[in-house]
Amino acid sequence: MKSIIRNISFLLLFGSITACGEKNVTVSYQEYPNAFRNPMKGFREFFAPGIDRVREEYPYPYGSMTKEYMQWNMIEDDPNDGVDKIIAYSNHRWKGVEDINVKVIPRVFLVWLEPWHGGKPKNPNNPDDLVGWHWPKGITQEKSPYKQRPNSVAAYVEEKDKNTPIIGGYFDPSFPERVEKLVEKLGQAWDNDPRVAYVEMGIIGEWGEHHDPDLSTYWAPHDEPDHVVNRTWIPGMEKILGDAFAKAFKNKKVMVRYAYEFKDYEFGIYWDSWSQPQEVVRGYEEMKKLGDRWKTQPIGGEITWNWGDLARFKSFEEVVADKDTREYVMEQIRNLHCNHLGGITWADFNDPKFQKNAEILQKAMGYRFVINEFTYPKEIKGQESLSISFSVVNTGSSPFYYNWPVEIALLDPVNHQKVWGKVLEDVNISEWMPGDNWSVNENKYQTAPEIYHVQENIPIDASIAKGKYILALTVLDPAGMQPSLRFANENYFEGGYHPMGYIGTVANIRGLFL
């Protein structure tokens, strides 16, 4: 009876034993059926400083990242300001994110909304206010021929001004050099900052979204039928930005707004109009042309539901509650290999109907690593090497874009504290790709995700007391070398470790498996 109880205990805690030889045991594991919070994927938060109330719940239902719009003149006002000012303001704005295990996606910008589009100046009572215009010292004020259309956010130019450029602002003669120097400092401040997930390029255009003005003439301008040099677009700025960001950021992934620009650079994309029919050609179809870019660069953005066809919805909850729209979003997530989406800041995650719909999208976005089998020896003798192997598959939509270390560990069987651990040397989780070529009708990738096999002989480099332990697996966040990324399996200890099975040192504990 005792051996039966032990075997049942093992199955509940770990998985199903599929092979049990004289020396090794192989265990298979159940996939965790639900969505969950995991680093650098899924729903992305945004809170306007001094305006939005940050969620009181922790951890956030799914969000592990937050967008931070960084005003240029707050991180660098004078051209002689150093990197320390960027770091100081970042520390102010990002205070506490590491305590709740949230990563930041910063985007530097200059203009929230131009005055000829109905923009208003910054609130003087809120020093961190994003609204308004945030030009640093040394850049002359914009002088524009645009006029706002009455009762509209659109703008126009009179016939007499059809060729009149904008003077100052983005078109100030000193602006290109200021951009290059600022981006260099951004790289020094953020490229090795563990709080940063990805960096959105920004800087140009309203909200830093690379329009008004544009970076190229590939697409027609918003307010006019044709482009006008030095008014609707900035000649040469695309290359200046591309070169500057490629040079400044060697570690962090950089994302740009439009897929049809920066073709000479390997940048990710932040498309801020997901599932918007008006943006299918300009956004979705252009992103499809990028081919396998998603394998090395993140694809994200937000569902903006306050314009276009989505304006019929009054909240994000309504957007995903609509079956056709939700399925449309899912199709785009799978086809574009979406890593994360924003637009959920004000959503009520306590609403059970919304929870169900949000879970569908969260489960599809980003990576989702499932361990199928794990093989290991029943015992460790002295300081012999530990030979393990396992198979894993990515059932999500994107890879994990950084090579975080995978650790094998021995845990105390009672309190689950780590007794010993070792990072696997020949594993690169950023290479674990999902499937491709999504079929809407079959609800699966036509090119199935590859099953990755890992096999390593791990040296035991420390004395381990005789006894029984739990062999566990985890993925560490390099920022503190603590368990962080969770596999999508049922066998999981709160805190980050996945128990693979019992193992003994010196004494054979075969009875636990038979």
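Phe487 and Trp432 have tilted rings, their planes meeting at an angle from 30° to 60° on a 0 to 90° scale. Aromatic ring orientation, Phe267 versus Phe262: perpendicular (interplanar angle above 60°, classes split at 30° and 60°). Classified by interplanar angle (parallel below 30°, tilted 30° to 60°, perpendicular above 60°), the ring pair Phe245/Phe249 is parallel. Ring geometry, Phe316 versus Phe354: the interplanar angle exceeds 60°, so the pair is classed perpendicular (tilted spans 30 to 60°).
We find that Lys289 and Glu286 are joined by a salt bridge, their nearest charged nitrogen and carboxylate oxygen being less than 4.0 Å apart. With respect to the salt-bridge test (charged N to carboxylate O, under 4.0 angstrom), the residues Arg107 and Asp272 qualify. A salt bridge does not link Glu317 to Lys353: none of the charged nitrogens lies less than 4.0 Å from a carboxylate oxygen. Ionic pairing of Glu224 and Lys162 is not present here: no N-O contact between side-chain nitrogen and carboxylate oxygen is shorter than 4.0 angstrom. Ion pair Glu76/Lys181 not flagged as a salt bridge, since none of the NZ, NE, NH1 or NH2 atoms sits closer than 4.0 Å to an Asp/Glu carboxylate oxygen.
A donor-acceptor contact shorter than 3.5 Å is absent between the side chain of Arg231 and the backbone of Pro165. For Lys252 (side chain) and Gly187 (main-chain N/O), no donor-acceptor pair under 3.5 Å exists by modelled atom type. The backbone N or O of Ser275 sits less than 3.5 Å from a side-chain atom of Gln332, completing a donor-acceptor pair. In terms of modelled atom types and a separation under 3.5 Å, the side chain of Tyr445 and the main chain of Arg334 share a donor-acceptor contact. Gln362 contributes a side-chain N or O that, together with a main-chain N or O of Phe36, makes up a donor-acceptor pair within less than 3.5 Å. Of the possible donor and acceptor atoms, one in the side chain of Lys122 sits under 3.5 Å from a partner among the backbone N and O of Pro127. Between the side chain of Ser64 and the main chain of Arg37, no donor-acceptor pair closer than 3.5 Å is present. Of the possible donor and acceptor atoms, one in the side chain of Gln355 sits under 3.5 Å from a partner among the backbone N and O of Phe349. The main-chain N or O of Gly168 is never found under 3.5 Å from a side-chain atom of Lys143 such that the two would form a donor-acceptor pair. In this structure, the side chain of Lys103 engages the main chain of Pro194 through a donor-acceptor pair within 3.5 Å.
Side-chain atoms of Glu261 and His210 include no donor-acceptor pair closer than 3.5 Å. For the 3.5 Å distance criterion, the side chains of His222 and Asp214 fail to qualify, holding no donor opposite an acceptor. Of the N and O atoms on the side chains of Asp52 and Trp346, at least one donor lies less than 3.5 Å from an acceptor on the other residue. Between the side chains of Tyr170 and Asp212, not a single donor N or O lies within less than 3.5 Å of an accepting N or O. Side-chain contact of Asn394 with Tyr452: a donor-acceptor pair under 3.5 Å is absent, judged by distance alone. Of the N and O atoms on the side chains of Asp243 and Tyr265, at least one donor lies less than 3.5 Å from an acceptor on the other residue. In this structure, a donor-acceptor pair under 3.5 Å is present between the side chains of Asn91 and Arg195.
You'll find the side chain of Trp112 stays beyond 4.5 Å of the side chain of Asp129, heavy atoms only. Between Ile299 and His337, the closest side-chain pair of non-hydrogen atoms is not below 4.5 Å. For the pair Phe369 and Asn38, the minimum side-chain heavy-atom distance is 4.5 Å or more. Between Thr232 and Pro213, every side-chain heavy-atom pair lies at or beyond the 4.5 Å cut-off. Side-chain contact between Val102 and Glu45: absent, with no pair of heavy atoms (C-beta onward) separated by less than 4.5 Å. Using a 4.5 Å heavy-atom cutoff, the side chains of Arg326 and Val329 are not in contact.
Nearest approach of Asn339 to Met365, heavy atoms of both residues: O-CB, 3.9 Å. Across Asn306 and Ala311, no two heavy atoms sit closer than the pair C-CB, 4.2 Å. Across every non-hydrogen atom of Lys185 and Pro79, the tightest pair is NZ-O, 3.2 Å. The shortest heavy-atom contact between Gly208 and Tyr270 is O-OH, 2.8 Å.
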Next item on the list: For the pair Tyr89 and Asp128, evaluate side chain to side chain donor-acceptor pair (under 3.5 Å) and give the outcome as yes or no after the intermediate values.
Entry: CA-CA 10 Å; Tyr89 190 65; Asp128 297 316; 2.8 Å; yes
Check: Taking it one step at a time, do Glu327 and Lys323 satisfy salt bridge (charged side-chain N to carboxylate O under 4.0 Å, His left out)?
Finding: CA-CA 6 Å; Glu327 291 179 352; Lys323 182 176 182 294; 2.7 Å; yes
Note to self: Would Glu114 and Tyr146 count as a side-chain contact (heavy atoms from CB on, under 4.5 Å) here? Give the steps.
What the structure shows: CA-CA 10 Å; Glu114 294 285 10; Tyr146 282 115; over 6 Å; no
Margin query: Test side chain to side chain donor-acceptor pair (under 3.5 Å) on Ser439 and Asn441; report intermediate values, then the result.
Written below: CA-CA 5 Å; Ser439 170; Asn441 293 332; 5.3 Å; no
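With rounding to the nearest 0.5 angstrom, the CH2 atom of Trp233 is 10.0 Å from the CZ atom of Phe171. Atom CE of residue Met65 and atom NE2 of residue His340 lie 5.0 Å apart, to the nearest 0.5 angstrom. Here the CD atom belonging to Glu180 is positioned 11.0 Å from the CG atom belonging to Leu182, to the nearest 0.5 angstrom. From Glu209, atom CD reaches atom OH of Tyr258 across 6.5 Å, with rounding to the nearest 0.5 Å. For the atom pair CD1 of Ile105 and CD of Glu200, the computed distance is 6.0 Å after rounding to the nearest 0.5 Å. Between the OG1 atom in Thr447 and the CE atom in Met433 there is a gap of 14.0 Å [rounded to 0.5 Å].
Annotation for Gln141: atom CD does not count as buried by contact number, only 12 or fewer foreign heavy atoms lying within 6.0 Å. Within a 6.0 Å sphere centred on CD of Glu177, heavy atoms belonging to other residues, nucleotides or ligands number 12 at most. Within a 6.0 Å radius of NZ in Lys85, other residues, nucleotides and ligands contribute more than 12 heavy atoms.
Aromatic ring centres of Phe46 and Tyr69: separated by under 6.0 Å. In this structure, Tyr198 has its ring center no closer than 6.0 Å to that of Trp190.
Both cation-pi conditions hold for Arg486 and Tyr32: the charged atom is under 6.0 angstrom from the six-membered ring centre and inside a 45 degree cone around its axis. Seen from the ring of Tyr260, Arg282 does not count as a face-on cation partner, given the 6.0 Å and 45° thresholds.
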